[in-house]
Amino acid sequence: MPYQLYPNATQEGEDKYEWYRKSRYGDSDDKMKMYMKLMGAYGATEGIEYKFGGTVANTLQAHRVIQHYQETKGAETADKIVNSLYKQYFEEERHPSSHETLLRAATEAGISESDAKAFIADEDEGLMDVKMLIREQAGNGIDSVPYIVIEGKRRDMTLEGCREVGEYVKALNQVIKESS
């Protein structure tokens with residue numbers, strides 16, 4: 001489901017490094033350097049080369065594209081779009097909702113360039129639907145990502161925010177145990 005962490009960000013955006021430093025780390029270069037080192041180490045273990053340049057911007061158009069293709073082409077296609085967007089944003093320092101970024105993500109997911117261009121260009125198509133889904137998630141009390149619900153027979157397990165892999169394994173094992 002779509003959810004925006006920073007819905008008030010502008011479409012034009014602002015410098016990613018400066019935004020993180022000011023909004024997350026109290027304008028501290030030392031704290032920002034620690035964050036970059038930590039995220040770099042986490043990423044390296046997963047084959048991700050985080051970079052901290054580029055632009056932080058509104059992601060509404062990216063969510064619109066993901067939601068549209070999830071509904072019309074399925075979850076696998078949407079997952080490919082998300083993976084491309086993450087790579088472009090976190091590793092290649094690309095704008096998260098530019099037409100170029102969205103077009104590349106869609107075509108890498110197997111969508112024809114002509115179909116993708118037409119949908120991306122019409123920024124209103126599906127916009128109200130995705131806005132409603134985002135509001136619904138906020139109304140459900142979701143205020144961080146990821147927000148994972150593992151449905152069990154006796155109870156559901158919810159994991160919010162960034163977690164270590166072991167925490168996901170523990171939750172899955174608990175649901176399996178309770179469902180047996």
Side-chain angles (χ1 to χ4, degrees), residues 1-67 70 78-106 108-109 120 123 127 130-150 156-172:
M1 301 298 285
Y3 178 80
Q4 287 187 282
L5 286 172
Y6 312 112
N8 296 327
T10 65
Q11 177 60 28
E12 298 78 30
E14 58 188 286
D15 181 86
K16 186 192 306 182
Y17 178 90
E18 290 301 318
W19 184 87
Y20 271 96
R21 187 173 61 86
K22 288 178 184 174
S23 69
R24 294 296 201 196
Y25 299 104
D27 219 10
S28 167
D29 284 323
D30 290 339
K31 288 181 182 178
M32 186 62 191
K33 287 177 186 171
M34 285 181 12
Y35 169 74
M36 290 169 56
K37 185 175 182 178
L38 179 64
M39 289 305 293
Y42 281 145
T45 64
E46 299 299 323
I48 301 167
E49 188 181 334
Y50 283 112
K51 293 184 181 163
F52 299 92
T55 304
V56 169
N58 194 294
T59 57
L60 185 59
Q61 289 300 318
H63 285 292
R64 182 182 70 86
V65 169
I66 295 163
Q67 190 65 34
Q70 179 170 300
D79 191 48
K80 289 176 183 176
I81 292 170
V82 169
N83 287 334
S84 175
L85 291 172
Y86 281 172
K87 181 172 184 56
Q88 290 183 74
Y89 178 73
F90 289 113
E91 295 184 70
E92 299 173 7
E93 303 176 330
R94 303 219 14 175
H95 188 292
S97 286
S98 73
H99 283 211
E100 296 80 17
T101 301
L102 297 174
L103 179 61
R104 179 173 154 201
E108 286 180 357
I120 292 165
E123 294 185 355
L127 185 62
V130 82
K131 282 182 175 182
M132 291 301 293
L133 289 169
I134 289 169
R135 280 191 208 112
E136 180 181 325
Q137 297 317 304
N140 288 336
I142 295 172
D143 64 0
S144 62
V145 292
Y147 187 93
I148 309 285
V149 178
I150 304 167
D156 297 342
M157 303 284 289
T158 302
L159 298 167
E160 296 180 58
C162 184
R163 301 294 180 114
E164 296 290 331
V165 172
E167 292 181 64
Y168 292 101
V169 171
K170 182 179 176 183
L172 287 167

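All values below come from the heavy atoms of this structure, side chains included, with hydrogens, waters and symmetry mates left out. Since the structure is predicted, the reported quantities are computational estimates derived from the model, not experimental observations.
Under 3.5 Å, the side chains of Asn58 and Gln4 contain a donor-acceptor pair of N or O atoms. Residues Glu14 and Thr10 bring no donor and acceptor atom of their side chains to less than 3.5 Å of each other.
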request  = Starting from the C-alpha separation in whole Å, work towards a yes-or-no answer on side-chain contact (heavy atoms from CB on, under 4.5 Å) for Glu12 and Thr55.
outcome  = CA-CA 8 Å; Glu12 298 78 30; Thr55 304; over 6 Å; no
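A side-chain donor-acceptor contact under 3.5 Å links Arg64 to the backbone of Ile120. In terms of modelled atom types and a separation under 3.5 Å, the side chain of Thr59 and the main chain of Ala62 share no donor-acceptor contact. No donor-acceptor pair under 3.5 Å is formed between the side chain of Ser84 and the backbone N or O of Ile81. Distance alone, capped at 3.5 Å, places no donor-acceptor pair between the His95 side chain and the Gly54 backbone. The backbone N or O of Arg94 sits nowhere less than 3.5 Å from a side-chain atom of Gln88 that would complete a donor-acceptor pair.
For Lys80, the salt bridge (charged side-chain N to carboxylate O under 4.0 Å, His left out) criterion is met by Glu76, not counting sequence neighbours. Under the rule for a salt bridge (charged side-chain N to carboxylate O under 4.0 Å, His left out), the partners of Glu91 that lie at least two apart in sequence or sit in another chain are Lys87.
Using a 4.0 Å cut-off between a side-chain N of Lys or Arg and a carboxylate O of Asp or Glu, Arg21 and Glu18 qualify as a salt bridge.
Of all non-hydrogen atoms in Cys162 and Pro146, the two that sit nearest each other are N-CD, 4.1 Å. Heavy atoms only, all atoms of each residue included: Gly13 and Ala57 are closest at CA-CB, 3.7 Å. Summarising the geometry of Gly43 relative to Tyr50, their closest heavy-atom pair is CA-CE1, 3.6 Å, with the distance given to 0.1 Å. Residues Pro2 and Leu133 share a closest heavy-atom pair of CG-CB, 3.5 Å. A pairwise comparison of heavy atoms in Tyr3 and Ile134 identifies N-CG1, 4.2 Å as the closest pair. In terms of heavy atoms, Lys16 sits closest to Phe90 at NZ-CA, 4.3 Å.
Counting heavy atoms from C-beta on, the side chains of Lys37 and Lys33 never come closer than 4.5 Å. When side chains are defined from C-beta on, Glu92 counts as touching Arg104, because their heavy atoms get closer than 4.5 Å. Within the 4.5 Å cutoff, the side chain of Gln137 has heavy atoms near those of the Asn140 side chain. When side chains are defined from C-beta on, Asp143 counts as touching Glu160, because their heavy atoms get closer than 4.5 Å. Counting heavy atoms from C-beta outward, Ile66 and Val130 have side chains that stay 4.5 Å or more apart.
Leu172 contributes atom CG, which lies 9.0 Å from atom CE of Met157 (distance to the nearest 0.5 angstrom). Atom CD of Gln61 is separated from atom CG of Leu127 by 6.0 Å, given to the nearest 0.5 angstrom. How far CD of Glu164 is from OH of Tyr42: 5.0 Å, rounded to the nearest 0.5 Å. Distance check: Ile150 CD1 to Asp156 CG gives 9.5 Å after rounding to the nearest 0.5 Å. Rounding to the nearest 0.5 angstrom, the gap separating the OH atom in Tyr89 from the OG atom in Ser98 is 12.5 Å. Here Asp29 contributes atom CG and Met36 contributes atom CE; the two are 10.0 Å apart, rounded to the nearest 0.5 Å.
The six-membered or imidazole ring of Tyr20 lies near that of Tyr35, with a centre-to-centre distance under 6.0 Å.
Within 6.0 Å of OH on Tyr6 lie more than 12 heavy atoms contributed by other residues, nucleotides or ligands. Heavy atoms from other residues, nucleotides or ligands lying under 6.0 Å from CD of Glu49 number 12 at most. Heavy-atom contacts from other residues, nucleotides or ligands closer than 6.0 Å to CE of Met1 number more than 12.
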